[in-house]
Amino acid sequence: IDRIIIAILALESATWQGTAFNYYYVYYRTLTGGDTTSKLQETAEAENPRDNPQILRLLLILYRFIYGWQDALFAKIDRAITPAQAAEIYRNKQLLTATTAMGLGFQLLLIALLAWIDRIDWAVWLFIGPLNVYWVIIIFIRYRLSHRRVK
């Protein structure tokens with residue numbers, strides 16, 4: 001049972017890190033007029049005419065169950081730490097670059113490299129430990145920078 005709990009913690013950690021990465025990149029793309037296919041809070045309102053409505057509803061239900069609550073909670077955390085007057089913090093490319101280490105691409109690269117050296121079990125501990133510390137540091141830096149801009 002301990003292995004199951006550790007696996008769940010690692011999975012939850014990885015999805016939280018992915019949520020942070022996705023949130024900041026979608027926010028950046030929204031502010032800069034980039035790709036509009038992703039939203040901070042996904043809804044079925046902007047359906048593509050080619051979408052199958054039943055499949056879209058099913059996918060939306062799955063999204064809300066798996067990720068939606070995390071996205072909503074992360075948005076609340078972000079609004080609590082980032083004053084409205086410091087919205088330009090979302091355009092900070094250095095922070096966005098630092099955030100990429102929390103994205104799925106980096107996570108998969110890490111897993112592949114650890115599998116290659118026959119240390120896949122290390123990935124679990126990296127997600128639970130150092131990578132969680134890393135994203136908390138990024139959040140703290142964002143907090144400090146956004147509050148410095150307000151003063």
Side-chain angles (χ1 to χ4, degrees), residues 1-46 58-151:
I1 196 141
D2 291 341
R3 293 174 67 115
I4 293 171
I5 292 170
I6 291 168
I8 290 169
L9 280 173
L11 178 63
E12 197 61 34
S13 294
T15 58
W16 269 105
Q17 294 156 20
T19 292
F21 165 79
N22 187 64
Y23 180 84
Y24 290 126
Y25 269 85
V26 170
Y27 211 120
Y28 176 79
R29 290 191 312 260
T30 300
L31 287 177
T32 59
D35 177 42
T36 58
T37 57
S38 296
K39 296 169 187 52
L40 290 173
Q41 193 65 29
E42 294 290 344
T43 65
E45 295 166 5
L58 174 64
L59 291 173
L60 187 58
I61 289 167
L62 288 172
Y63 158 78
R64 287 180 179 153
F65 178 72
I66 298 169
Y67 296 110
W69 66 272
Q70 284 183 333
D71 289 351
L73 182 57
F74 194 85
K76 285 180 184 177
I77 291 168
D78 185 66
R79 282 192 301 274
I81 66 170
T82 307
Q85 308 92 306
E88 72 273 2
I89 194 73
Y90 297 104
R91 296 177 188 262
N92 186 311
K93 289 185 180 179
Q94 290 82 14
L95 280 174
L96 284 173
T97 300
T99 303
T100 59
M102 296 182 291
L104 181 61
F106 180 78
Q107 291 174 340
L108 292 174
L109 175 64
L110 180 67
I111 290 168
L113 290 173
L114 291 172
W116 182 49
I117 63 170
D118 200 25
R119 298 288 186 197
I120 194 67
D121 54 317
W122 289 4
V124 170
W125 298 108
L126 287 172
F127 285 124
I128 292 172
L131 291 174
N132 271 338
V133 170
Y134 180 79
W135 84 265
V136 168
I137 290 169
I138 296 293
I139 298 292
F140 179 74
I141 291 169
R142 293 181 67 79
Y143 171 81
R144 296 284 296 171
L145 289 174
S146 65
H147 283 270
R148 189 175 301 154
R149 292 175 196 240
V150 171
K151 292 181 181 177

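The figures that follow rest on heavy atoms only: side chains count, while hydrogens, waters and symmetry mates do not.
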side-chain hydrogen bond (donor to acceptor under 3.5 Å, both in side chains): pairs with one or both residues in residues 128-137, sequence neighbours excluded: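 Output for this query lists Ser13-Asn132, Gln17-Asn132, Asn132-Trp135.
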side-chain hydrogen bond (donor to acceptor under 3.5 Å, both in side chains) partners of residues 108-123, not counting sequence neighbours, each pair once: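 For residues 108-123: none.
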Heavy atoms, side chains only, cut-off 4.5 Å: are [X] and [Y] in contact?
X: Met102; Y: Leu131; result: no
X: Leu114; Y: Leu126; result: yes
X: Tyr24; Y: Asn92; result: no
X: Leu104; Y: Phe21; result: no

Could you tell me the separation between the [atom1] atom of [X] and the [atom2] atom of [Y], rounded to the nearest 0.5 Å?
X: Ile141; Y: Gln94; atom1: CD1; atom2: CD; result: 11.5 Å
X: Tyr23; Y: Thr99; atom1: OH; atom2: OG1; result: 12.0 Å
X: Tyr28; Y: Lys93; atom1: OH; atom2: NZ; result: 4.0 Å
X: Phe127; Y: Leu11; atom1: CZ; atom2: CG; result: 9.5 Å
X: Leu95; Y: Arg142; atom1: CG; atom2: CZ; result: 5.5 Å
X: Thr15; Y: Asn22; atom1: OG1; atom2: CG; result: 12.0 Å

Those residues that, when tested against Thr100, pass side chain to side chain donor-acceptor pair (under 3.5 Å) (two or more places apart):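 In terms of side chain to side chain donor-acceptor pair (under 3.5 Å), with neighbours along the sequence ignored, Thr100 is linked to no residue.
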With sequence neighbours excluded, residues passing side chain to side chain donor-acceptor pair (under 3.5 Å) with Tyr25: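 Partners of Tyr25 by the side chain to side chain donor-acceptor pair (under 3.5 Å) criterion come out as none, since no residue qualifies.
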Residue pairs passing the ring-ring contact (aromatic ring centres under 6.0 Å, His included) test where at least one lies in residues 93-113, sequence neighbours excluded: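 Counting only pairs at least two positions apart or across chains, no ring-ring contact (aromatic ring centres under 6.0 Å, His included) contact touches residues 93-113.
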Counterpart residues, ring-ring contact (aromatic ring centres under 6.0 Å, His included), relative to Tyr90 (two or more places apart):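 Counting only residues at least two positions away or on another chain, Tyr90 forms a ring-ring contact (aromatic ring centres under 6.0 Å, His included) with Tyr27.
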Heavy-atom pair of closest approach, residues Leu31 and Arg91: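 Here Leu31 and Arg91 meet closest at O-NH2, 3.4 Å.
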Side-chain donor/acceptor of Ser146 to backbone N/O of Tyr143, under 3.5 Å: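 Yes, the answer is positive, given that a donor and an acceptor are paired below the 3.5 Å cut-off.
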